[in-house]
Amino acid sequence: MSDEVFPDSVKDFVFDLHDASRRSFIASEEQALYSGTFREITAKYFPNVAWPSPAAISSECGGDELFLALYNELTLRHLQSVKRPNVNDRIEGWHAYRQLFDLLLKEAPEDGAEKKRDELFLIPDWCFDILHEFLYQFQGFCQFRTTTYCAAAKTADEPEKRSANVSDALEILGQNRDAWAVETVLFYLHRLVAVGTQKNASATYRYLAYFSSVTLSRLECLLGDYKASIAALDVIYDSKAELICVGEDMKTPEELVNGVFPARLSLAYHSGVSYLMLRRYKDSGSMLGSICLFMQRGFKTGQLRKIPGSEQFNKLFDRMIALLTIISHICPTPILDDSIASIVHDKHANNLSKIEAGEEGYEDLFVFACPKFVNPAVPDYSQALKPGCESTPYGQDAYKLQVKQFMNEMETHATLRKMRSYMTLYTSIGVEKLASFNDMNVEQFESWLTCMKHKMNQLENNDKMGTAMDIHYYVADNVVHVDEAEKVRRFENFFMKQIQNNDDVLRQLEAIKIEL
């Protein structure tokens, strides 16, 4: 369909969306246009092709530069979802996001200036989708860059076998070395957080700030900086943060994020991975366990199927269950709801059996469950064309490094698990005897006793040191004294579970049709 000729419904949609985002600021209207009308028109007229260009529809919005940038991002996002983007598409996407963020930051109020009348309104879902897609395209570009470099390197000795597509892509990548530069990606995310957390920020910029912090946490996790990944979420959990107007309600930043389920899911998954890699097993189990419990209920009621992108939820649920399998095995303290613990056992009983038998089971689980780590470094593309160039994927180093780091930690836990299994059988036992059970000499075993305390001590969400062990031990006069860690009897989980079961029974009864 040419830019010159397109249906009136497209013109009406553009006009109405511009009016909702720049003049009327009615959330329900914008929600209907963004989540409903856009998808309906796309399915009818543009299922596998591009929407009209921004220039073609500019008259419907009075040439509004910022709105045209928003429209361009929205339509490019659709196009890249229905076709496999080539190198030019990826470069075009980069320039589209740069233009959009530059305009957003240009219109943002300066720090300390008087709060002016709002000139832009975007619903929370739209704000998150922009930032989520921004990082998704960054991740895809890093992987594309790696694949192209490796494909060229493999044919360095026989250039006649190299496809024209690879050669062209390599040339374009070399000419656009600053495309999707990680420092620029970080700059935009940090600036959006800074601008949106100012006292004079409008609701839209506050939405962008908090969803940028979720996106920033995801980016730091993909880069392997787990402390920075957790630190990025501080603005969301800040108890002093002002409430945000969302529709007719006033919400905390955490409630805002939880109100957009894909954002809540991204936050839980990537922070869960980060906590795991930082050895904060209880926090990781709590974060992943709570979102899995919510999703399990959502799958039962069918609520999650109504959310766009729901086809990906099952895959991410399975990956989080795999992570919980690892956590529940290395952290003996009970941290999972009974229903989630049952799913963990049903899905991964074979892997757990392998681990108990001394075989490699952790690596399979982690490789399946971990995010696709990226290497943000830009390679020297000219090296890929030189004969004798190594064809080892330079970008795979980041992924292999994280898997190796994880497996090094798990090798330690194999020894600690064996130690704990013997210690739970005794209230006191000589160091020498316990060392012999673990096939070590006394000097070597003493260091492992200290190691176990160190490995299982961890910072918790209340910023206090805690332990992930279910036993307490100390050494006195060459004797290891063992007792169970203090157990806090909690009844609320039992009653909550019974209430949930009762609700499920009532729902089933209401669904029964009785004919008289």
Side-chain angles (χ1 to χ4, degrees), residues 17 20-21 24-39 70 74 77 104 118 120-136 189 192-193 195-197 201-218 232-272 286-314 316-317 320 461 500:
L17 188 63
S21 60
S24 68
F25 297 172
I26 301 174
S28 57
E29 288 185 5
E30 189 172 302
Q31 184 75 53
L33 289 164
Y34 178 77
S35 301
T37 309
F38 177 73
R39 290 189 174 86
L70 287 165
L74 177 63
R77 193 195 320 159
L104 283 169
D118 293 349
L120 174 68
F121 176 72
L122 303 178
I123 55 173
D125 300 72
W126 193 354
C127 292
F128 176 72
D129 287 346
I130 289 171
L131 293 158
H132 184 73
E133 181 69 15
F134 174 58
L135 197 65
Y136 176 77
L189 294 176
L192 287 169
V193 172
V195 165
T197 50
S202 66
T204 297
Y205 281 94
R206 296 194 71 189
Y207 300 161
L208 288 168
Y210 293 119
F211 291 128
S212 290
S213 70
V214 174
T215 307
L216 188 58
S217 176
R218 176 186 170 194
L233 302 174
D234 286 348
V235 293
I236 293 175
Y237 297 114
D238 182 5
S239 59
K240 298 179 181 178
E242 295 181 6
L243 296 179
I244 314 161
C245 180
V246 182
E248 297 179 355
D249 302 321
M250 298 300 291
K251 296 184 177 182
T252 65
E254 186 176 358
E255 289 171 338
L256 167 69
V257 172
N258 288 344
V260 179
F261 181 72
R264 179 181 180 181
L265 184 58
S266 176
L267 184 153
Y269 172 67
H270 292 98
S271 62
S286 174
M287 184 66 73
L288 295 171
S290 61
I291 191 68
C292 284
L293 187 61
F294 179 86
M295 292 178 73
Q296 184 199 29
R297 292 170 181 166
F299 290 143
K300 282 184 179 179
T301 60
Q303 219 172 0
L304 294 182
R305 296 192 189 95
K306 300 175 184 177
I307 302 174
S310 59
E311 61 278 358
Q312 296 297 320
F313 295 163
N314 278 315
L316 204 50
F317 180 80
M320 291 190 293
N461 263 334
Q500 179 64 36

>> When you compare the side chain of L256 with that of P124, does any pair of heavy atoms fall below 4.5 Å?
In response: yes
> With side chains defined as the heavy atoms from C-beta onward, is the minimum distance between T252 and Y210 less than 4.5 Å?
Replying inline: no
> Is L192 close to L131 at the side-chain level, that is, under 4.5 Å between some pair of heavy atoms?
Replying inline: yes
>> Between L189 and V193, is there a side-chain heavy-atom distance shorter than 4.5 Å?
In response: no
> For L33 and F38, what are the C-alpha separation, side-chain angles and deciding distance, and is it a side-chain contact (heavy atoms from CB on, under 4.5 Å)?
Replying inline: CA-CA 6 Å; L33 289 164; F38 177 73; over 6 Å; no
> If you measure from CG on D238 to OG1 on T197, what distance do you get to the nearest 0.5 Å?
Replying inline: 9.5 Å
> If we only count heavy atoms from C-beta on, is the L122 to E30 side-chain gap below 4.5 Å?
Replying inline: yes
>> For a quick test of reading the model, state the closest non-hydrogen atom pair linking M320 to C292 and the distance between them.
In response: CB-SG, 3.7 Å
> Could you state the interatomic distance from OH (Y136) to OG1 (T215), rounded to the nearest 0.5 Å?
Replying inline: 15.0 Å
>> Has S290 got a side-chain atom pairing as donor or acceptor with M287's backbone, closer than 3.5 angstrom?
In response: yes
>> I need the minimum non-hydrogen distance between L304 and F294, along with the two atoms involved.
In response: CD2-CE2, 4.4 Å
> Taking the side chain from R206 and the backbone from L243, do they hold a donor-acceptor pair closer than 3.5 Å?
Replying inline: yes
>> Restricting to non-hydrogen atoms, name the atom on C245 and the atom on Y207 that form the minimum distance, rounded to 0.1 Å.
In response: O-OH, 2.5 Å
> Taking all atoms of both residues into account, what is the closest heavy-atom pair of L267 and Y237, and its distance?
Replying inline: CD2-OH, 3.3 Å
> Going by the angle between their ring planes, with limits at 30° and 60°, are W126 and Y34 parallel, tilted or perpendicular?
Replying inline: parallel
>> If you count every heavy atom of other residues, nucleotides or ligands that lies below 6.0 Å from F25 atom CZ, does the total exceed 12?
In response: yes
>> What I'd like to find out is whether the side chain of S24 reaches to under 4.5 Å of the side chain of E29, using heavy atoms alone.
In response: yes
>> Run the side-chain contact (heavy atoms from CB on, under 4.5 Å) test on L265 and F317 for me, step by step, so that the C-alpha distance in whole Å, both residues' side-chain angles and the decisive distance to 0.1 Å come before the verdict.
In response: CA-CA 9 Å; L265 184 58; F317 180 80; over 6 Å; no
> Can you list the residues that meet the side-chain hydrogen bond (donor to acceptor under 3.5 Å, both in side chains) rule with S217, with sequence neighbours excluded?
Replying inline: S229
> F313 and F299: aromatic ring centres closer than 6.0 Å?
Replying inline: no
> Got a donor-acceptor contact below 3.5 angstrom from the H270 side chain to the S266 backbone?
Replying inline: yes
>> Do F121 and I26 make a side-chain contact, defined as non-hydrogen atoms from C-beta onward lying under 4.5 Å apart?
In response: no
>> Measuring from atom CD of E133 to atom CG of L74, what distance do you get when rounded to the nearest 0.5 angstrom?
In response: 10.5 Å
>> Y269: which residues meet the ring-ring contact (aromatic ring centres under 6.0 Å, His included) condition with it, sequence neighbours left out?
In response: none
> Should the heavy atoms of other residues, nucleotides or ligands under 6.0 Å from CD of Q303 be counted, would the total exceed 12?
Replying inline: no
>> Within the 4.5 Å heavy-atom criterion, are R264 and F128 side-chain neighbours or not?
In response: no
> How many angstroms lie between NZ in K306 and OG1 in T301, if you round to the nearest 0.5 Å?
Replying inline: 7.5 Å
> Atom CG in N314, atom CD in Q312: separation rounded to 0.5 Å?
Replying inline: 9.5 Å
> About how many Å separate OG of S21 and CD1 of I123, when rounded to the nearest 0.5 Å?
Replying inline: 10.5 Å
> Looking only at heavy atoms, which two atoms of T204 and L120 are closest? And how far apart?
Replying inline: OG1-O, 3.1 Å
> Which heavy atom in R77 sits nearest to a heavy atom in I130, and how many Å separate them?
Replying inline: NH2-CG1, 3.9 Å
>> A quick test of your reading: do over 12 heavy atoms of other residues, nucleotides or ligands sit less than 6.0 Å from CD of E311?
In response: yes
